[in-house]
Amino acid sequence: MPSFDSLDSFLFSLSSEFSSPFGYFIQIQGCVICLLLAFGWAAAAYVRRREIKRIRRSIKNGNSFAFICQDINELEHSNQVNLPKVTVIMPLKGFGEHNLHNWRTQLTSLYGGPIEFILVVESTEDPAYHSVLRLISEFEGSVDARVLVAGLSTTCSQKIHNQLVGVESMHKDSKYVLFLDDDVRLHPGSIGSLTLEMEKNPEIFIQTGYPLDLPSGSLGSYCIYEYHMPCSMGFATGGKTFFLWGGCMMMHAEDFRQDNCGVVSELKNGGYSDDMTLASIASAHKKLITSPPVAVFPHPLASDLNFGRYWNYLRKQTFVLESYTTKVNRVMNRALFAVHCYLSWGFVSPFVLAVVHVAAAIQFHYKGYSRDEMAYNFGGLSLVYFLAICTFLELLSMWNLTRIEVQLCNVLSPEAPRLSITNYNWCLIFIAMLVDNFLYPISAIRSHFSQSINWSGIRYYLKDGKICKIDRTPTNKDMPPVFTDLAGKLLYGRIGFPSKESFLSSLSKTFAKWRRPKRSE
């Protein structure tokens with residue numbers, strides 16, 4: 001056996017250690033995770049592609065409005081006058097670069113039945129207030145829309161408070177209520193498609209959809225895109241699903257009037273996340289959640305979305321798992337917490353081992369060592385090749401699903417500017433996959449031990465899965481942000497300057513806080 005210098009010895013010993021049965025398990029596990037993701041995205045792509053083919057086939061057969069309705073006879077006046085009334089409630093917060101266009105797509109829906117839009121803000125100081133008033137004035141007389149000032153929430157999150165204020169003000173004849181986030185970019189026929197499915201199957205409790213993130217080019221935006229992509233499988237079922245996205249939820253208005261299944265009381269009394277709360281209610285009462293194949297919405301991310309804002313967004317997403325409504329829901333959230341953390345680091349770990357194996361192989365080759373000279377097991381290096389193939393298949397499947405969803409969005413909004421994935425940086429996407437999966441367990445553990453979160457300058461405290469305290473007093477540690485995380489929306493009336501503190505500095509303070517002993521009460 002040849003003599004090694006210190007670096008050779010270190011790489012040799014480390015690579016040999018990683019060539020143990022446990023090291024093989026870690027690498028094989030990573031390959032399996034990659035292949036499962038590839039399969040899931042391939043199945044989701046099949047559902048979306050099938051819908052594209054249906055629409056194009058309908059257009060070829062003479063239905064030029066197939067992007068709005070499947071049967072052109074549905075556009076007959078005799079059918080349109082019988083459509084149910086829908087109330088669209090949009091809780092607003094701040095004003096950003098994409099909001100005006102998003103609001104226009106929502107207000108100019110081609111739904112043929114009676115519809116009203118209720119846009120709810122916290123106060124008149126919100127930049128969204130005057131902006132949306134000007135927009136509504138442009139459609140005066142043609143769109144039934146109004147703005148409500150909800151005031152401050154005291155028992156639930158501000159978003160849920162805004163939603164419930166809108167529900168209290170909806171028209172008595174409304175049959176369905178549709179909750180939309182202000183960053184949802186609707187297609188002309190989206191509201192009609194959701195309503196049609198509700199009419200076909202009255203057993204549906206909630207209908208939902210999912211966003212198609214359009215990254216702006218920064219690593220933070222690609223991390224958010226990568227974070228959402230695995231969840232997209234659960235929304236591309238073409239029907240029944242267990243997932244729910246709060247950005248688009250259509251429900252029966254009567255469920256809110258009668259507080260059926262406790263939808264109002266559960267949301268109002270300590271509710272933090274609207275979608276997690278309603279999903280847990282649906283699960284507890286065996287209610288049906290569906291996601292039609294056309295319910296995928298373009299979601300352009302802010303052009304200045306930096307890594308720090310991605311971290312804030314990830315913190316809010318992992319904090320959701322700390323809220324629950326029942327003991328069963330708590331157990332399910334804990335299980336999801338554990339599985340997600342395990343799979344996240346289970347995805348990252350094989351690449352760490354792969355780097356060591358490749359570095360050792362390059363070093364040994366550079367020094368001129370032959371296999372015969374070394375008592376070294378090259379099994380780990382062989383698995384690196386297999387991991388590379390699995391990773392390529394995973395990225396290819398992700399690219400294919402994104403491509404097909406972009407095509408579907410273009411078909412559903414033929415008048416809108418064409419979307420494209422030509423500017424997607426797949427090297428950055430791969431890096432984002434590693435970064436996001438590495439940081440998720442850190443964020444989740446931080447959320448578990450803190451039991452509090454800063455959401456748009458408001459700090460919420462949880463106890464037993466419910467909001468127990470709301471603090472709006474800014475401190476040096478908890479300064480309210482100037483912009484939101486995803487859309488880059490200005491949150492306050494005057495322009496301020498975001499904190500200069502870096503993401504790493506914030507993370508180091510987090511770890512320091514964990515290690516600090518708690519004071520006795």
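What you are looking at is a predicted structure, and each value in this text was computed from that prediction instead of being measured.
- Across all non-hydrogen atoms, the minimal contact from Cys69 to Leu75 is SG-CG, 3.7 Å.
- Between the side chains of Thr105 and Arg185, no donor-acceptor pair is found at a separation under 3.5 Å.
- Of the possible donor and acceptor atoms, none in the side chain of Thr241 sits under 3.5 Å from a partner among the backbone N and O of Thr237.
- For the atom pair CD of Glu199 and CG of Leu83, the computed distance is 7.5 Å after rounding to the nearest 0.5 Å.
- Between the side chains of Tyr176 and His252, no donor-acceptor pair of N or O atoms lies under 3.5 Å.
- Looking only at side-chain heavy atoms (C-beta outward), Ser443 and Arg446 stay at 4.5 Å or farther from each other.
- Here the two rings, on His228 and Tyr313, have centers that are under 6.0 Å apart.
- With values rounded to the nearest 0.5 angstrom, Tyr210 atom OH is found 8.5 Å from Trp245 atom CH2.
- No side-chain donor-acceptor contact under 3.5 Å links Ser413 to the backbone of Glu415.
- Two rings, from Phe319 and Trp455, have their centers 6.0 Å or more apart.
- The pair Arg104-Glu138 meets the salt-bridge criterion, since a charged nitrogen lies less than 4.0 angstrom from a carboxylate oxygen.
- Electrostatic pairing of Asp182 and Lys93 does not count as a salt bridge here, judged by no charged N lying under 4.0 Å from a carboxylate O.
- Ring pair Phe307/Tyr310: centre-to-centre distance below 6.0 Å.
- Asp183 and His299 share a donor-acceptor pair across their side chains, judged by distance under 3.5 Å alone.
- Counting only N and O atoms by type, the side chains of Thr318 and Ser447 include a donor and acceptor under 3.5 Å apart.
- In this structure, Arg403 is positioned above the aromatic face of Trp399, its NZ or CZ under 6.0 Å from the six-membered ring centre and within 45° of the axis.
- Distance alone, capped at 3.5 Å, is enough to place a donor-acceptor pair between the Ser137 side chain and the Arg134 backbone.
- Looking at Arg309 and Asp304, a side-chain N of the basic residue comes within less than 4.0 Å of a carboxylate O on the acidic one, giving a salt bridge.
- In this structure, the separation between CD on Glu254 and CG on Asp259 is 11.5 Å, given to the nearest 0.5 Å.
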Please lay out, stage by stage, how Tyr440 and Tyr227 fare under the test side-chain contact (heavy atoms from CB on, under 4.5 Å).
CA-CA 9 Å; Tyr440 182 91; Tyr227 175 82; 3.9 Å; yes

Can you give me every donor-acceptor pair (side chain of residues 423-435, partner residue at least two apart or in another chain, under 3.5 Å) with its distance?
from, atom 1, to, atom 2, distance (Å)
Tyr424, OH, Asp213, O, 3.1
Asn425, OD1, Cys427, N, 3.1
Asn425, OD1, Leu428, N, 3.1

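- To the nearest 0.5 Å, atom NE2 of residue His161 and atom CG of residue Asp274 are 14.5 Å apart.
- For Arg459 against Ser452, the heavy-atom pair with the smallest separation is NH1-OG, 2.8 Å.
- Here the side chains of Leu301 and Leu214 are not in contact, with every heavy-atom distance at 4.5 Å or above.
- Of all heavy-atom pairs between Val294 and Leu412, the closest is O-CD1, 3.4 Å.
- Aromatic pair His187/Phe67: centroids not less than 6.0 angstrom apart.
- Using a 4.5 Å heavy-atom cutoff, the side chains of Ile191 and Leu186 are in contact.
- A side chain to side chain contact (heavy atoms under 4.5 Å, CB included) with Lys240 is found for exactly one of Ile204, Ile289, Leu288, namely Leu288.
- No donor-acceptor contact under 3.5 angstrom links the side chains of Gln407 and Arg418, judged on distance only.
- Between Met250 and Ile206 there is no side-chain heavy-atom pair separated by less than 4.5 Å.
- Annotation for Ser193 and Ile68: closest pair OG-O, 4.0 Å, computed over non-hydrogen atoms.
- Considering SG of Cys156 and OH of Tyr272, their distance stands at 12.5 Å, rounded to 0.5 Å.
- A salt bridge does not link Glu322 with Lys466: every distance from a Lys NZ or Arg NE/NH1/NH2 to an Asp or Glu carboxylate oxygen is 4.0 Å or more.
- Proximity of Val184 to Pro211: side-chain heavy atoms (C-beta onward) are nowhere separated by under 4.5 Å.
- Between Glu51 and Arg48, none of the side-chain N atoms (NZ, or NE/NH1/NH2) sits under 4.0 Å from a carboxylate O, so this pair counts as no salt bridge.
- Distance alone, capped at 3.5 Å, is enough to place a donor-acceptor pair between the Ser218 side chain and the Leu305 backbone.
- Looking at Ser216, its side chain does come within 3.5 Å of a backbone N or O of Ala302 through a donor-acceptor pair.
- Summarising the local packing, CD of Glu203 is surrounded by 12 or fewer heavy atoms from other residues, nucleotides or ligands at distances under 6.0 Å.
- Checked against the 6.0 Å centroid criterion, the rings of Phe256 and Phe179 qualify as a close aromatic pair.
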side-chain contact (heavy atoms from CB on, under 4.5 Å) evaluation trace for Gln163 with Val120:
CA-CA 7 Å; Gln163 290 172 326; Val120 190; over 6 Å; no

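- Note on residues 277-296: pairs passing side chain to side chain donor-acceptor pair (under 3.5 Å), not counting sequence neighbours, are Ser280-Thr325.
- Side-chain contact between Val339 and Leu336 is absent, with no heavy atoms from C-beta onward closer than 4.5 Å.
- The SG atom of Cys223 lies 9.5 Å from the CG atom of Asn437; values are rounded to the nearest 0.5 Å.
- Between the side chains of Glu122 and Asn162, not a single donor N or O lies within less than 3.5 Å of an accepting N or O.
- For Asp144 (side chain) and Glu116 (main-chain N/O), no donor-acceptor pair under 3.5 Å exists by modelled atom type.
- Side-chain atoms of Ser131 and Leu100, non-hydrogen and from C-beta on, never get closer than 4.5 Å to each other.
- Annotation: side chain of Leu178 is in contact with side chain of Leu180 (closest heavy-atom distance under 4.5 Å).
- Taking each heavy atom of Leu462 and Ile467 in turn, the nearest pair found is CD2-N, 3.6 Å.
- In Lys268, the NZ atom is not crowded: 12 or fewer heavy atoms of neighbouring residues, nucleotides or ligands sit closer than 6.0 Å.
- For the residue pair Ser153 / Arg472, a side-chain donor-acceptor distance below 3.5 Å is found, with atom types taken as modelled.
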